[in-house]
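Each remark here refers to the structure printed beneath this line.
By convention in this document, chain letters (A, B, ...) are assigned in the order of the sequence lines, proteins followed by strands, and residues within each chain are numbered from 1. The figures that follow rest on heavy atoms only: side chains count, while hydrogens, waters and symmetry mates do not.
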Amino acid sequence: MLLNAVIIILREVLEAALIISVFLALSQLLNRNLWWMLLALLVGFSGATVYALNLSQISMAMEGTGQEVLNAVLHSVIFISLLIFMISVPHQAHAKWRQLNLVTIVLAVITAIIREGSEIILYITGFFGIPDLLSPVLMGSAVGAGIGLSVGVFFYYLLVNMRTSYGIWLGYLILLLIGGSMVAQAVEFMIQADYIAASAPVWDSSAIISERSAAGQLLYALVGYEATPAPEQAAAYFSSIGLLIVAAGISFMFRGKTS
Amino acid sequence: MKQWLILLSLCCLSSAVIAGPPVIEIEIKDHLFFPDEVRIPADTKVKLLVKNLDPTAEEFESYELNREKVIAGHSEAIIFIGPLSAGEYPFFGEFFPKTAQGKVIAE
Amino acid sequence: MKSIRLFLLLSLLATITLVNFVALLHGYQSSMEKAQSLFDSRLESTARLIASANSEQTMRQGIAEQQTPFTYFQIWDSGGKQLLTRSRNAPEFVTGALTEGFHEVNFDSYRWRNYVYRDQHLNRWIVVAERIDVRYSLAEEVVLESLLPIVIAIPIAALIIWLAVGIGLKPLRQFADQVLGKRADDLSPIQLEKVPHELVTVVSNTNALLGRLDHAFQREQRFASDAAHELRTPISVLKVHLHNLKQRLGDDDEDITLLKTGIERMGHLVEQILALYRTSPDQASARFESVDLYKLAQTVIASDFLQFERKQQHISLDGETAILSGNRFALETLLQNLLSNANKYTPPGGEIHVIVKPFQDGVQLIVEDSGPGIPADQHERVFERFYRFQGDRHDSGELGCGLGLTIVSHIVELHHATIRLGTSSLGKGLAVTIHFPGEK
């Protein structure tokens, strides 16, 4: 039970911690204050609790596809926040853009916590009725959360202590990968809900890196790795990364002209 | 020939709309899947109706099928799978993976 | 990186957590595997035991009494067709396959691990099964007990690291506090109780810098005031000679008048330089006493009345008794300088207005004139030494040395007062507002 709890909590925490630490580091590199994070965490956890408590109603909504649709929406919100964030960064000198930039960060963090936090809450609260399993689950959760948060801390300090320009580039790179993975997951949920027709996987790399393996899990958290992705998923992944790069690039080129 | 094709495709479409994909029920009880082997026709879309009879939540997950869905305690969920090429596709309950194991066999 | 302490705490804690938890998972896994293989070998020996206990050739079919609900056994004939005996909770069908070894099966809403043993002599199959969840949680209970301290240790480690880092950074904090708490004129070396290796060069270099600064500062002050002081005598001598020369050549010689202006200007400059150094806050040995600023202003205006009359300027004093704690000589110099400025830069026939009144448990002094004023962007610069607005090309054609407002700002600082330049209520002239804080 412990190992299982570790894996589940670690996966969720790692994904949220990665987004949060990259945003925290970028805010620090862009000289922003960090108080908004407290607010975002608070709102995020409240949202996650609401989601977890109403899961069955949400699941049953929209002819049984409510959960998939909501998850797809959450993933899309994170992606759109990332997109606007990247567009707004080069225009930091303007108060309006700066404000927009902060809103996107807060929104992305809140959404990430709602998405990952609700699963954690559902998982742990399920064991409150099973006292025999509660202690290994709690201990496993502590271990998983500890590892996930530690990785987040290392990531944050790695980015912050790098030369500022490198830090921003690496932060951007991670945001690109997160963005791609968000859209790919949103598409996966739409396929699962049968809004997008499923087709045969484009490739099968499960023999090389299985999604079950530790490496597969880590790659999933970092770059959204899938061993057997549907063609729509793969297309969404790469085109959304391309969209982010193009949007950020255009915004960067126009950074002088808006003043 | 052309008309035939159009007619044929219309038929397929309407039949799909009217009948919908076949529904297969799976129950979760005491953190076990019943049945733990689901046989479905290959290259056909199937709708899984997963009923969770336990008080605890469970997450239906399969790496091979690319599916994950949390099912709250005492509730049910719908998961579409396929069309699949013939083969075995294991799935498991992520919250209780020691016991909740099963597989879809497409044939 | 905002705080070294937070950085050290978080990065050390993250390292400890990561290393410990990965070790914990490794320990957990190997302990669990060990436990599983122990359970497996127990299952095997149970199967053999059951085989040897049921060694009759012909067996009475039936149900054996069972010991626990977590295990069951079955004995099948060689073909697996006939169930020879079973425990009460065992199924009457073959669970899994009848091949020798371990299998995992679902039965009776539990998952079981069974061991199939083939009795070679009697040609029978013995199946022994154990509930997986039970053996798993049994093993887990034992293993967790031993791993719990690692998890509990993390918050304790966090507390200890926080305190230790705090103690480690104490000299740095003391150093920062001392640098921060230094007054502008305090150039004494920084002293720390214990100086760690890492701070030795920082502290010694800072102290060397402070020492050099102090030295340079003293030298500059001594030089200026000495020079001014030494210049007083020759100027007095010059004045005597000028007087003699005037007697001899008569009052109306143009060169004599020019010479007189030049000597007066030099004398004024020297007096101002002396006043500057006597009133500078670094010389803060000044004695403070209770001073009525209103009365003092009256005295100063009265003694300088001639210069206003010469330019036909109208000067007025408003307000009431305003007592403050200050240095009488310095305040007198302050008033003299402000009034002299107003006199110089206000055109003939202009107006000068002085207000002294108690204000917000302090005292407020306002000197306004109807002169040309100073543009707002110059307000900072006029306090600099030897700076004159528009230089010597000033419209007023007045002579000055550019020290007046510098002296004023020194005196303001000495009294912890605030000074603000603004636009006069008498047209576009200058308004100088000084606020002296009340006594604490």
Side-chain angles (χ1 to χ4, degrees), chain A residues 1-11 13-14 17-18 20-21 24-25 27-35 37 127 130-164 167 213-214 217-218, chain C residues 1-36 70 110-111 131-158 161-162 165:
Chain A
M1 222 58 239
L2 176 121
L3 217 53
N4 189 40
V6 170
I7 290 168
I8 290 176
I9 302 295
L10 175 60
R11 225 175 47 180
V13 169
L14 198 62
L18 205 63
I20 293 173
S21 65
L24 262 180
S27 316
Q28 172 102 70
L29 294 175
L30 298 169
N31 290 318
R32 315 223 36 160
N33 76 54
L34 307 176
W35 279 109
M37 185 53 83
F127 288 94
I130 316 172
D132 285 352
L133 294 178
L134 191 59
S135 66
V137 164
L138 286 182
M139 188 161 151
S141 305
V143 172
I147 294 176
L149 292 176
S150 299
V151 172
V153 166
F154 278 131
F155 234 91
Y156 169 75
Y157 279 116
L158 176 75
L159 290 178
V160 169
N161 288 326
M162 270 180 154
R163 261 176 53 188
T164 305
S213 66
Q217 298 267 346
L218 195 70
Chain C
M1 188 164 45
K2 288 219 161 136
S3 149
I4 296 182
R5 192 176 189 179
L6 201 61
F7 166 68
L8 287 176
L9 172 74
L10 289 180
S11 55
L12 286 175
L13 203 60
T15 313
I16 292 175
T17 308
L18 220 52
V19 171
N20 268 345
F21 283 3
V22 170
L24 179 147
L25 289 181
H26 184 77
Y28 172 84
Q29 220 160 3
S30 54
S31 305
M32 288 303 272
E33 269 164 25
K34 193 91 199 156
Q36 295 312 312
F70 306 134
Y110 289 109
R111 204 163 171 82
R131 253 172 66 180
I132 284 185
D133 58 326
V134 172
R135 41 187 261 165
Y136 204 79
S137 49
L138 260 173
E140 193 160 55
E141 210 171 302
V142 178
V143 175
L144 283 192
E145 201 83 24
S146 65
L147 295 179
L148 191 63
I150 299 177
V151 179
I152 293 174
I154 299 292
I156 298 171
I161 293 172
W162 178 250
V165 172

Can you confirm whether V143(A) sits close enough to T17(C) that some side-chain heavy atom of one is under 4.5 Å from a side-chain heavy atom of the other?
no
[X] versus chain A, the contacting section by heavy-atom distance below 4.5 Å:
X: L148(C); answer: both
X: E141(C); answer: neither
X: L24(C); answer: side chain
X: L147(C); answer: both

Identify the two heavy atoms, one from [X] and one from [Y], that lie closest to each other, and give their separation to 0.1 Å.
X: G146(A); Y: F21(C); result: CA-CE2, 3.9 Å
X: S150(A); Y: L18(C); result: CB-CD1, 3.7 Å
X: V151(C); Y: A142(A); result: CG1-CB, 4.2 Å

What residue, out of L149(A), V151(A), V153(A), has the most heavy-atom pairs lying under 4.5 Å from chain C?
V153(A)
Looking at chain A, which one of T15(C), D133(C), V22(C) has the largest number of heavy-atom pairs inside 4.5 Å, strictly under?
T15(C)
Taking atom [atom1] of [X] and atom [atom2] of [Y], what is their separation to the nearest 0.5 Å?
X: L8(C); Y: Y157(A); atom1: CG; atom2: OH; result: 8.5 Å
X: S11(C); Y: N161(A); atom1: OG; atom2: CG; result: 9.0 Å
X: Y28(C); Y: L3(A); atom1: OH; atom2: CG; result: 6.0 Å

Side-chain (E140(C)) to main-chain (P136(A)) donor-acceptor, under 3.5 angstrom
no
I147(A) and L25(C): CA distance, side-chain angles, deciding distance, side-chain contact (heavy atoms from CB on, under 4.5 Å) verdict:
CA-CA 11 Å; I147(A) 294 176; L25(C) 289 181; 4.0 Å; yes
